[in-house]
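What follows is one structure encoded as structure tokens, with my remarks underneath.
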Amino acid sequence: AGSRPDDAICDSDDLGFFGVLRGTAERAVMLELRRKTGTILAVGYSWMERMEFDPSNGITLYAGGMESVIAGRNLNEEIRPQVRLFECLTRHRVPWIREADEDEVMKSPETATIIEEIRWKSFKR
């Protein structure tokens, strides 16, 4: 399993592959994208130009000259009442997202929200 933040410090609920801030009015300053290799990219929500959800490609974030893609399954499905990954991202309520390892992907139910891959690259404005 990947590293997860201390809930007491982040005041977020750990939903397995991402965290969601507990208070509906709470906003994260940055989003940590955590790869299973241990590499982490933190992106400031204030730098986000746009976010895009495409069921066939995943979630794409455009921020500060970077394009980040979050690929997986059920990325816009309701995990619990009022909690969908894409929707929570648009409201700045997600402080971190982490990739699943192969074992977690295989053992997770088909209906679960799974982050299979996170990738990023720079682009020219």
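This structure is a prediction, so every number in the text was calculated from the model and none was measured. Along the sequence shown, the residues carry numbers beginning at 1.
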Return the set of residues passing side chain to side chain contact (heavy atoms under 4.5 Å, CB included) with [X] (not counting sequence neighbours), or none when no residue passes.
{"X": "E87", "result": "R84, R91"}
{"X": "P55", "result": "F53"}
{"X": "T37", "result": "R35, T39"}
{"X": "A100", "result": "F17, E104, V105, I114"}

Query raised in the report: To which residues is M30 joined in a hydrophobic cluster, defined by side-chain heavy-atom contacts under 4.5 Å among Ile, Leu, Val, Met, Phe, Trp and Tyr, whether direct or through other members?
Result: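 Same cluster as M30: V29.
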
**Report entry** Residues clustered with V69, ILVMFWY side-chain links under 4.5 angstrom
**Finding:**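 Hydrophobic cluster check, V69: no partners found.
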
Query raised in the report: In Å, rounded to the nearest 0.5 Å, how long is the span from CD1 of I70 to CD1 of I97?
Result: 3.5 Å

Query raised in the report: What distance do E78 atom CD and L85 atom CG have between them, rounded to the nearest 0.5 Å?
Result: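 Reported value, rounded in 0.5 Å steps: 13.0 Å.
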
Query raised in the report: With sequence neighbours excluded, what pairs up with R73 under the salt bridge (charged side-chain N to carboxylate O under 4.0 Å, His left out) test?
Result: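 By the salt bridge (charged side-chain N to carboxylate O under 4.0 Å, His left out) rule, R73 matches E116.
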
Query - salt bridge (charged side-chain N to carboxylate O under 4.0 Å, His left out) involving E117 - partner list, sequence neighbours excluded - result: R119

Query - Sequence neighbours excluded - side chain to side chain donor-acceptor pair (under 3.5 Å) pairs with any residue from residues 50-64 - result: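 Only D54-S56, D54-N57 qualify under side chain to side chain donor-acceptor pair (under 3.5 Å).
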
Query raised in the report: Taking only residues two or more places apart in sequence, or in another chain, which ones meet K107 in a side-chain hydrogen bond (donor to acceptor under 3.5 Å, both in side chains)?
Result: D103

